[in-house]
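Structure, as structure tokens:
Counting convention: from 1, in listed order, for ligands and their atoms alike.
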Amino acid sequence: MTLVTGKHFVGGQRSAEGTDSFEASNPATGETLDGRFLEAADSEIDRSLALADESFAALQQAPAETIAGLLDKIADGIEAAGDALLARAHAETALPMPRLTGERARTVGQTRRFAAIVREGSWRQARIDRSDPARTPLPKPDVRTMLHAVGPVVVFGASNFPLAISVAGTDTVSALAARCPVVVKAHPAHPGTCEMLAAVIDQAVRDAGLPAGVFSLLHGRSHRVGAALVTHPKASAVAFTGSLKGGRALADAVAARPQPIPIYAEMGSVNPVFVLPSALEQRGDAIAEGYLQSVNLGVGQFCTNPGLLLAAGGPPLDRFLKAAGEKAAAAPAATMLHDGIRSAYQEGVASIRDTPGVEAVGPARAAAGDANQAACSLFTAPLSLLAEHESLAAENFGPSSIVLRCESPDDMLAFAEQMEGSLTATIHGTEQDLQDHAPLVRLLERKAGRLIFNGFPTGIEVCAAMHHGGPYPATTHSGFTSIGNAAIYRFASPVCYQDFPDSALPAELQNANPLGLMRLVDGQPSSAPLPSAG
Ligand code: NAP
């Protein structure tokens with residue numbers, strides 16, 4: 001069986017109408033991989049979204065068990081794709097097999113998590129305020145609200161998570177859980193992996209008995225494909241994970257639509273780490289160890305990579321820098337996801353290194369040998385240098401980080417006041433420090449989506465309480481998360497029914513509560529059936 005053909009999936013059909021094409025390559029060896037991938041033609045883009053729109057009604061009417069079953073089938077299919085899927089992802093990304101094995105577990109875990117959310121049903125947030133015809137001076141109407149799917153969602157995955165944030169990743173499965181059809185723009189850095197995952201979803205849609213338009217996958221290396229998808233009149237929402245440049249370009253295109261739609265762009269971030277004096281003095285070596293591990297994890301290719309660390313100058317910081325420099329020098333070089341990311345990283349390192357006032361901590365080795373390899377580069381600079389060189393505070397995607405020397409902890413407050421939005425912010429200190437530095441904590445609550453105490457930002461727990469987001473430029477919409485249970489809320493909007501007869505209400509809002517949901521009834525949580533009116 002041919003696993004990779006280079007063709008698109010347009011509503012259940014393999015399609016090959018375009019003429020331009022591109023190939024995938026192995027970033028470690030430069031070897032060209034199987035498959036010639038076609039750029040999606042305008043007709044294919046249009047058909048994908050038209051079929052997605054046509055499938056919408058059937059998707060809304062399907063029993064919850066059918067939607068949950070679809071998600072379970074996707075998870076099962078990813079597991080059944082076995083080592084062939086991991087081998088292709090490894091060849092396209094150079095991510096090590098153990099990492100990809102762990103990422104597959106996260107991918108199927110989050111897919112089954114959304115199946116459970118669909119079966120349980122309370123994500124619909126049913127709220128009921130019963131009527132009071134006798135209220136004066138005006139009678140109170142019967143008002144009932146619940147969440148409904150928004151419509152077809154266009155998904156863009158990131159190169160650094162070929163499984164967990166790609167074709168069958170968190171965006172796709174949370175959109176399907178909300179009953180939204182999905183059109184994925186395949187990532188051109190791992191198109192074969194994308195096609196294999198699309199084959200799994202395509203089969204799962206058939207097996208679930210749902211219309212084939214529920215899912216499409218389009219390849220494209222030109223930005224024309226992405227721009228056409230997000231500006232298509234039938235697209236109702238966009239989920240993007242990737243660079244600030246890409247996310248911003250797509251957000252601008254969406255804003256210029258005659259009818260703007262929500263775009264949930266999760267982008268890069270600098271994830272500052274604040275080390276308070278007591279922690280630096282008492283645990284400097286251990287913090288240096290954890291920090292360098294976090295900086296180097298996955299060759300620094302994580303949106304949660306700690307790009308800046310702030311600490312007050314003095315002997316403890318000197319000792320910290322010495323320990324961190326030794327660890328940076330000892331960190332092995334490794335292959336990055338593709339040559340574009342490696343050259344952007346090298347340029348970033350050169351720009352930091354050449355900034356007057358910045359010093360390398362240990363050897364500043366951006367690159368090492370061939371095979372798209374990158375090495376850890378650690379720098380230090382006085383915090384005051386940021387005033388002249390703002391670019392030092394921007395994400396440099398890869399294993400580099402800058403230790404900013406502060407005159408006093410108050411400098412950290414000044415930094416936090418002007419820092420851009422970030423996915424995370426980390427504080428190292430004692431419990432008492434959190435009280436003593438409460439103004440810093442309060443400021444960071446406005447600047448980052450996740451605050452970490454005595455830990456490091458890389459590694460995201462997929463769970464109900466996770467919030468993976470943050471103020472712009474971390475995302476385009478700080479009120480939502482792309483990871484964890486609440487990711488579903490990006491793809492649902494409330495609809496309010498006023499004075500509707502019970503028989504015409506969705507089951508979630510009917511008096512008998514046939515689904516047994518926990519609902520908010522007259523302001524109180526309740527799963528009890530309500531007496532029928534009259
Ligand atoms: P990317 O280059 O922005 O690519 C993401 C996707 O967007 C690709 O399909 C890409 O296609 C498309 N794209 C990019 N620019 C576009 C444009 N102007 N118009 C239309 N489509 C466009 O990002 P990446 O290299 O995959 O990932 C690395 C970045 O993602 C890092 O900055 C990292 O921090 C961030 N990231 C964020 C998160 C998060 O959850 N916040 C998670 C992982 C990664 P083309 O390649 O064809 O341009």
Side-chain angles (χ1 to χ4, degrees), residues 20 22 24 27 37 39-40 45 92-93 95 103 106 154-167 169-171 183-191 193-194 217-231 238-254 263-271 298-307 336-345 348 394-398 421-424 448-450 457-460 462 466-478 480-484 487 490:
D20 293 343
F22 63 96
F37 299 88
E39 291 276 330
I45 294 169
E92 290 187 326
T93 63
L95 292 171
E103 190 179 325
R106 168 172 160 184
V154 176
V155 168
F156 294 78
S159 58
N160 58 340
F161 281 96
L163 304 175
I165 315 184
S166 186
V167 175
T170 180
D171 296 320
V183 178
V184 179
K185 153 68 172 57
H187 201 296
H190 55 264
T193 311
C194 288
L217 172 96
L218 298 173
H219 292 288
R221 198 166 53 173
S222 75
H223 292 159
R224 177 190 62 81
V225 175
L229 283 168
V230 304
T231 52
V238 178
F240 168 93
T241 307
S243 62
L244 173 59
K245 196 165 153 225
R248 184 62 206 235
L250 291 170
D252 288 346
V254 165
I263 170 165
Y264 301 99
E266 301 284 332
M267 303 176 288
S269 199
V270 287
N271 306 299
V299 208
Q301 300 169 120
F302 284 106
C303 51
T304 48
N305 184 266
M336 295 194 88
L337 291 157
H338 56 81
D339 58 357
I341 281 189
R342 207 256 305 234
S343 36
Y345 173 66
E395 180 192 46
N396 183 33
F397 193 62
S422 185
L423 293 166
T424 72
R450 178 163 57 109
T458 41
I460 304 172
V462 181
M466 178 48 64
H467 178 72
H468 182 62
Y472 184 86
T475 75
T476 50
H477 207 321
S478 65
F480 292 86
T481 180
S482 59
I483 310 273
R490 296 172 297 168

Quick look: Pro188 vs ligand 1, heavy-atom contacts under 4.0 Å, and the answer is side chain
Can you tell me which residue and heavy atom of the protein come closest to atom 20 (C) of ligand 1, and the distance to 0.1 Å? Leu250 CD2, 3.5 Å
So is Phe302 touching ligand 1 or not, going by heavy atoms under 4.0 Å? no
Out of Ser243, Ala186, Gly157, the nearest non-hydrogen contact to atom 5 (C) of ligand 1 is supplied by Gly157
Classify the angle between the aromatic ring planes of His187 and His190 as parallel (below 30°), tilted (30 to 60°) or perpendicular (above 60°). parallel
Is it the side chain (CB and beyond), the backbone, both or neither of Ile483 that lies under 4.0 Å from ligand 1, heavy atoms counted? neither
So, regarding Ser269 and ligand 1 (criterion: nitrogen or oxygen to nitrogen or oxygen, under 3.5 Å), is there a contact or not? no
Please could you name the atoms of ligand 1 that Leu423 approaches to less than 4.0 Å, counting only its heavy atoms? 41 (N)
Is the distance between the ring centroids of Phe156 and Tyr264 less than 6.0 Å? no
Derivation and outcome, side-chain hydrogen bond (donor to acceptor under 3.5 Å, both in side chains), residues Thr475 and Glu266: CA-CA 5 Å; Thr475 75; Glu266 301 284 332; 5.2 Å; no
Heavy-atom closest pair (Met267 atom, Cys303 atom, distance to 0.1 Å) is O-CB, 4.2 Å
Quick note on ligand 1: atoms under 4.0 Å from a heavy atom of His468 include exactly 39 (C), 40 (O), 41 (N)
Please report the closest heavy-atom contact between Glu103 and Pro162, naming both atoms and the distance. OE2-N, 3.2 Å
Does a donor on one side chain and an acceptor on the other come within less than 3.5 Å for Asn271 and Thr304? no
Side chain or backbone of Leu244 under 4.0 Å from ligand 1, or both, or neither, by non-hydrogen atoms? neither
Residues Phe161, Thr93; criterion side chain to side chain contact (heavy atoms under 4.5 Å, CB included); working and verdict: CA-CA 9 Å; Phe161 281 96; Thr93 63; over 6 Å; no
Any Leu217 side-chain heavy atom under 4.5 Å of His219 side chain: yes
Identity and distance of the protein heavy atom lying nearest atom 35 (C) of ligand 1: Gly242 O, 3.1 Å
Which atoms form the tightest heavy-atom contact between Ala474 and Ser422, and what is the distance? CB-C, 3.6 Å
Under 4.0 Å from ligand 1, counting heavy atoms only, is it the side chain of Asn305, its backbone, both or neither? neither
Are side-chain N/O atoms of Ser482 and Thr170 paired as donor and acceptor at under 3.5 Å? no
So does Gly220 get a backbone contact from the side chain of Lys185, meaning a donor-acceptor N/O pair under 3.5 Å? yes
Would you mind listing which atoms of ligand 1 come within a distance below 4.0 Å of any non-hydrogen atom of Gly246? 14 (C), 15 (N), 16 (C)
With backbone taken as N, CA, C and O and side chain as the heavy atoms from C-beta onward, which portion of Ile341 lies under 4.0 Å from ligand 1: side chain, backbone, both, or neither? side chain
How far is atom 36 (N) of ligand 1 from its nearest protein heavy atom, and which residue and atom name does that atom have? Cys303 CB, 3.6 Å
Give the numbers and elements of all ligand 1 atoms closer than 4.0 Å to a heavy atom of Phe397. 28 (C), 31 (C), 33 (C), 34 (O)
With only distance considered, is Asn160 within less than 3.5 Å of ligand 1 through an N or O on each side? no
Between His187, Arg224, Glu39, flag the one that comes closest to atom 8 (C) of ligand 1 by a heavy atom. His187
Going by heavy-atom distance to atom 21 (N) of ligand 1, choose the closest among His223, His219, Arg221. His223
Under 4.0 Å from one or more heavy atoms of Thr241, ligand 1 contributes atoms 5 (C), 37 (C), 38 (C), 39 (C), 40 (O), 42 (C), 43 (C)
Backbone or side-chain N or O of Gly226 under 3.5 Å from ligand 1 N or O: no
For Glu92 and Ala24, which heavy atoms make the closest approach, and how far apart are they? OE2-CB, 3.6 Å
Numbered atoms and elements of ligand 1 in range of Met267, under 4.0 angstrom, heavy atoms: 37 (C), 39 (C), 41 (N)
How close does the nearest protein non-hydrogen atom get to atom 24 (P) of ligand 1, and which residue and atom is it? Ser159 OG, 3.4 Å
Taking side chain as C-beta onward, heavy atoms only, is Asn160 less than 4.5 Å from Phe397? yes
Can you list the ligand 1 atoms lying under 4.0 Å from a non-hydrogen atom of Lys185? 9 (O), 11 (O), 47 (O)
Any idea which protein heavy atom is nearest atom 34 (O) of ligand 1, and the distance to it? Glu395 OE2, 2.6 Å
Salt-bridge criterion met for Asp20 and Arg221 (N-O under 4.0 Å): no
Atom 7 (O) of ligand 1 sits nearest the protein heavy atom Phe240 CE1, 3.1 Å
Polar side-chain atom of Thr476 near backbone of Ala265 as donor-acceptor pair, under 3.5 Å: yes
With heavy-atom distances below 4.0 Å as the criterion, list the atoms of ligand 1 near Ala158. 26 (O), 43 (C), 44 (C)
